[in-house]
Amino acid sequence: MSALLPTYARSGLSFARGDGAFLVTEAGERYLDFASGVAVTALGHAHPHLIAALTEQANKVWHVSNLHHIPEQERLGERLCAATFADRVFFANSGAEAVECAIKAARRYHFKSGAPERYRLVTFDGAFHGRTLATIAAGGQAKHLEGFGPPVDGFDHVAGFDIEAVEAAVGEETAGILIEPIMGEGGMREVSWPFLQALRALCDEKGILLILDEVQTGVGRTGRFYAHEWAGITPDIMASAKGLGGGFPVGACLTTEAVGSAMTAGSHGSTFGGNPLAMAVGNAVLDVVLAPRFLEGVAQMGLRLKQRLAAIVDEHGDVVEQIRGQGLMVGMKCRIENQKLLAALRDRRLLTVQAGDNVVRLLPPLIVSEAEIDLACDTIDAACVALKSDARVRV
Ligand code: PLP
């Protein structure tokens, strides 16, 4: 019996090391990693620049706490602000913490603006924002809430991406609207860019805040630094994590000056958040992701992946019925059970991630090569052929 809480359905695989887009078992079997630890290892495994940054910092100082000034944290904060809409950043250690900070900041903004009654957020059915008590309430999924007592109050869920339904849900107590630009866990459901623009306009009209959860979509994953750039809008608050640390736990809540200045000393905090090791790696990730032409490369690879997958839908529409997503955040909506496709791919040494709505997610590292995309697509093609012939044998 394992000493660990049985909270995860694990694959049974374990890996001894990784390089680039590959993970390698103790026995030397190489798996093409199109999961990236659920969109985390943005620069693949054992990226030399990240290793150098982490090692260099490890030789200096690991942790001092936020009782002190942390130069690497200031630097990463300034760089994130320079590259985005934001004026202020709070560093945390995970996506859920980044969203938690976003929720608190939204409430606090209205409190400080003389409207403490505005504490509720409009959120969307099928969303995923993390596993803390507040973020499971924000997500609103019964399977995540079950057994944990009354959900945290303050979230109004809307079905579908329907601007009239959102308008109807906004009331006197609404602080803002919280949404993922592409619902990752929820099945790679794309929120249309016009819908995001309409949400921005609605927030402006009602004097409420637009809060984006870019934990999965951020840091280049869609071919832009943050996905909302595709829509040509900016949020008031944004949660980021996953790829930001390239595999080292880093979360960040980015805000405008108006929102950020409401979070005064003592209003929020984290012992580990923004520690020197995490910040050194975060800065090193930005060195690569914000280098000229890197994001164009991600967008190009994303197009190639989608084109190859479109051919697979044409050929094997009875296994994969639709391709979703943007850049290197792609979902295959399955006609068969998604777990079956995922297992068939794993048997062929291609790692992917399941998502809601019967989707298999492809989240390759942002440094993936054309040859690796082709290898993944050849593997998917072979798995589809095998799954179909298995089905025929069973009939
Ligand atoms: N928000 C989104 C959109 C996510 O995809 C996730 C994780 O999958 C989270 C929040 C929670 O992040 P973490 O697991 O790092 O707490």
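We count ligands from 1, going down the list as the structure has it; atoms in each ligand are counted the same way.
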Quiz item: Near E164 CD, under 6.0 Å, is it more than 12 heavy atoms from other residues, nucleotides or ligands?
Solution: no
Quiz prompt | Per-atom contacts, ligand 1 versus K242 - under 4.0 Å to a heavy atom | solution = 5 (O), 6 (C), 7 (C), 8 (O)
Practice problem: Check whether any heavy atom of E214 sits under 4.0 Å from an atom of ligand 1. | Solution: no
Quiz item: Checking side-chain hydrogen bond (donor to acceptor under 3.5 Å, both in side chains) for the pair R108/T264: CA distance, chi angles, key distance, verdict?
Solution: CA-CA 10 Å; R108 182 90 179 167; T264 46; 2.8 Å; yes
Quiz item: What orientation do F195 and F124 show, parallel under 30°, tilted 30 to 60°, or perpendicular over 60°?
Solution: perpendicular
Self-check item: Distance-only side-chain donor-acceptor flag, Y226 / T84, under 3.5 Å
Solution: no
Practice problem: Under the side-chain contact (heavy atoms from CB on, under 4.5 Å) rule, what do R324 and D357 come out as? Steps first, then yes or no, please. | Solution: CA-CA 12 Å; R324 300 171 173 178; D357 201 25; 3.0 Å; yes
Quiz item: What residue and heavy atom of the protein are closest to atom 16 (O) of ligand 1, and at what distance?
Solution: A96 N, 2.8 Å
Practice problem: For D213 and ligand 1, answer yes if some heavy atom of the residue is under 4.0 Å from a ligand atom, otherwise no. | Solution: yes
Quiz item: More than 12 heavy atoms of other residues, nucleotides or ligands under 6.0 Å from OH of Y119: is that the case?
Solution: yes
Exercise. For S94, counting its heavy atoms only, list the atoms of ligand 1 lying under 4.0 Å from any of them.
Key: 15 (O), 16 (O)
Quiz prompt | Residue portion contacting ligand 1 (non-hydrogen atoms closer than 4.0 Å) for E185 | solution = side chain
Quiz item: Does the protein place any heavy atom closer than 4.0 Å to atom 14 (O) of ligand 1?
Solution: no
Exercise. Please confirm whether the backbone N or O of E29 pairs with a side-chain atom of T25, one donor and one acceptor, at under 3.5 Å?
Key: yes
Quiz item: So which heavy atom in the protein is nearest atom 12 (O) of ligand 1, and how far is it from that ligand atom?
Solution: G95 CA, 3.3 Å
Quiz item: Between the candidates V250, V215, L212, N93, which shows the shortest non-hydrogen contact distance to atom 9 (C) of ligand 1?
Solution: V215
Quiz item: Any side-chain heavy atom of P364 within less than 4.5 Å of one from E372?
Solution: no
Quiz item: Which ligand 1 atoms are under 4.0 Å away from a heavy-atom of E180?
Solution: 3 (C)
Self-check item: Nearest neighbour in protein (non-hydrogen) for atom 5 (O) of ligand 1
Solution: Q216 NE2, 2.8 Å
